[in-house]
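Heads up, the thing below is written out as structure tokens.
This chain uses plain numbering: 1 for the first residue, then up along the sequence.
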Amino acid sequence: MSQQSVTKQEPARSERAQLLKLGLEVAPIAIFFLVNSQRDIFWGTGAFMVATIISLVVSRSVLGRIPVMPLISGIFVVAFGALTLILQDAVFIKLKPTIVNALFSIILFGGLLLGRPLLRALMSDMFQLTDRGWVILTVRWACFFAFLAILNEIVWRNFSESFWISFKIWGIMPLTMAFALAQMGILKRYQAEHQSS
């Protein structure tokens, strides 16, 4: 096999891996939404827990590793899902996004205070950026996670349960994708600087 054909296959593999990662992250939330719409939040929570565990296992077996953020989120899904089912109180599963997003924000800001933009460790296999690029990207994601934590608190405390569940899939996911796409300018700018230096 020629070097050129190997080079062409690498981006295709990377794109497939990214699509698989996205699918594994979206599927448990979609299952939660669907089961809840047919039964109730407790059945939805149980399905969410099972789907999350399956997603992590598939990620480990197909991709060879479990990304840090889905792993942390998965631990909280199982823990808060168990509390929801055992105590029959939906507040726990509603609090999960607040706590997970706040934790991500605190960890990223904490890394910056220590002079370590932690997104570099999580995403350096996908992007090569300058130090300044990693700092800017980390600040932006830390602020976005803080925003998601606050937004979740506003929605679950002020709107109906069904609205909160719908908002998780039709609100949070599009917001996150739009925010990620909005970072492309930073990625291009600081990647180009890195390559030209």
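For the residue pair Val77 and Ile93, the shortest heavy atom distance occurs at O-CD1, 4.4 Å. Taking every heavy atom of both residues into account, Tyr190 and Arg132 meet most closely at OH-NE, 3.4 Å. The shortest heavy-atom contact between Phe42 and Thr84 is CE2-O, 3.7 Å. Smallest separation of non-hydrogen atoms from Thr138 and Pro117: OG1-CB, 3.5 Å. Taking each heavy atom of Phe92 and Leu87 in turn, the nearest pair found is CE1-CD1, 3.4 Å. Taking all atoms of both residues into account, the shortest heavy-atom contact from Trp164 to Lys94 is CZ2-CA, 3.5 Å.
At least one donor-acceptor pair under 3.5 Å links the side chain of Ser37 to the backbone N or O of Leu34. Checked by atom type and distance alone, the side chain of Ser59 never pairs as donor or acceptor with a backbone atom of Ser55 at under 3.5 Å. For Ser105 (side chain) and Asn101 (main-chain N/O), no donor-acceptor pair under 3.5 Å exists by modelled atom type. A donor-acceptor pair under 3.5 Å is absent between the side-chain atoms of Asn36 and the main chain of Phe32, judged by distance alone.
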Would you mind writing out the side-chain donor-acceptor pairs for residues 67-75 within the sub-3.5 Å range, not counting sequence neighbours?
none

Pairs of donor and acceptor atoms involving the side chains of residues 173-187, under 3.5 Å and at least two apart or interchain, shall be tabulated with distances.
from	atom 1	to	atom 2	distance (Å)
Thr176	OG1	Ile172	O	2.8
Gln183	OE1	Arg140	NH1	3.0
Gln183	NE2	Phe179	O	2.9

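Taking hydrophobic clusters as Ile, Leu, Val, Met, Phe, Trp and Tyr residues chained together by side-chain heavy-atom distances below 4.5 Å, Phe48 shares a cluster with Ile169. One hydrophobic cluster, built from ILVMFWY side chains closer than 4.5 Å, holds both Phe167 and Trp156. Ile106 and Leu95 are assigned to two separate hydrophobic clusters, defined by single-linkage of ILVMFWY side chains at heavy-atom distances under 4.5 Å. Hydrophobic clustering of Ile, Leu, Val, Met, Phe, Trp and Tyr side chains at less than 4.5 Å, counting indirect connections, unites Ile99 with Ile86. In terms of hydrophobic clustering, with Ile, Leu, Val, Met, Phe, Trp and Tyr side chains grouped at heavy-atom distances under 4.5 Å, Leu129 and Val135 are assigned to different clusters.
Remark: Phe76 CZ to Leu103 CG distance equals 5.0 Å, nearest 0.5 Å. Atoms CD1 and OG1, on Ile31 and Thr52 in that order, are 8.5 Å from each other to the nearest 0.5 Å. Here Leu108 contributes atom CG and Leu137 contributes atom CG; the two are 9.5 Å apart, rounded to the nearest 0.5 Å. Taken from CG in Leu83 to OG1 in Thr45, the straight-line distance is 11.0 Å, to the nearest 0.5 Å. The structure places CZ of Phe163 at 13.5 Å from NZ of Lys168, a figure rounded to the nearest 0.5 Å.
Considering only heavy atoms from C-beta on, Arg120 comes within 4.5 Å of Asp131 through its side chain. Leu85 has its side chain within reach of Met49: a pair of non-hydrogen atoms, C-beta onward, lies under 4.5 Å apart.
Applying the salt bridge (Lys or Arg N to Asp or Glu O under 4.0 Å) test to pairs two or more places apart or on separate chains, none has a residue in residues 31-53.
For Phe144 and Trp141, the ring centers sit closer than 6.0 Å to each other.
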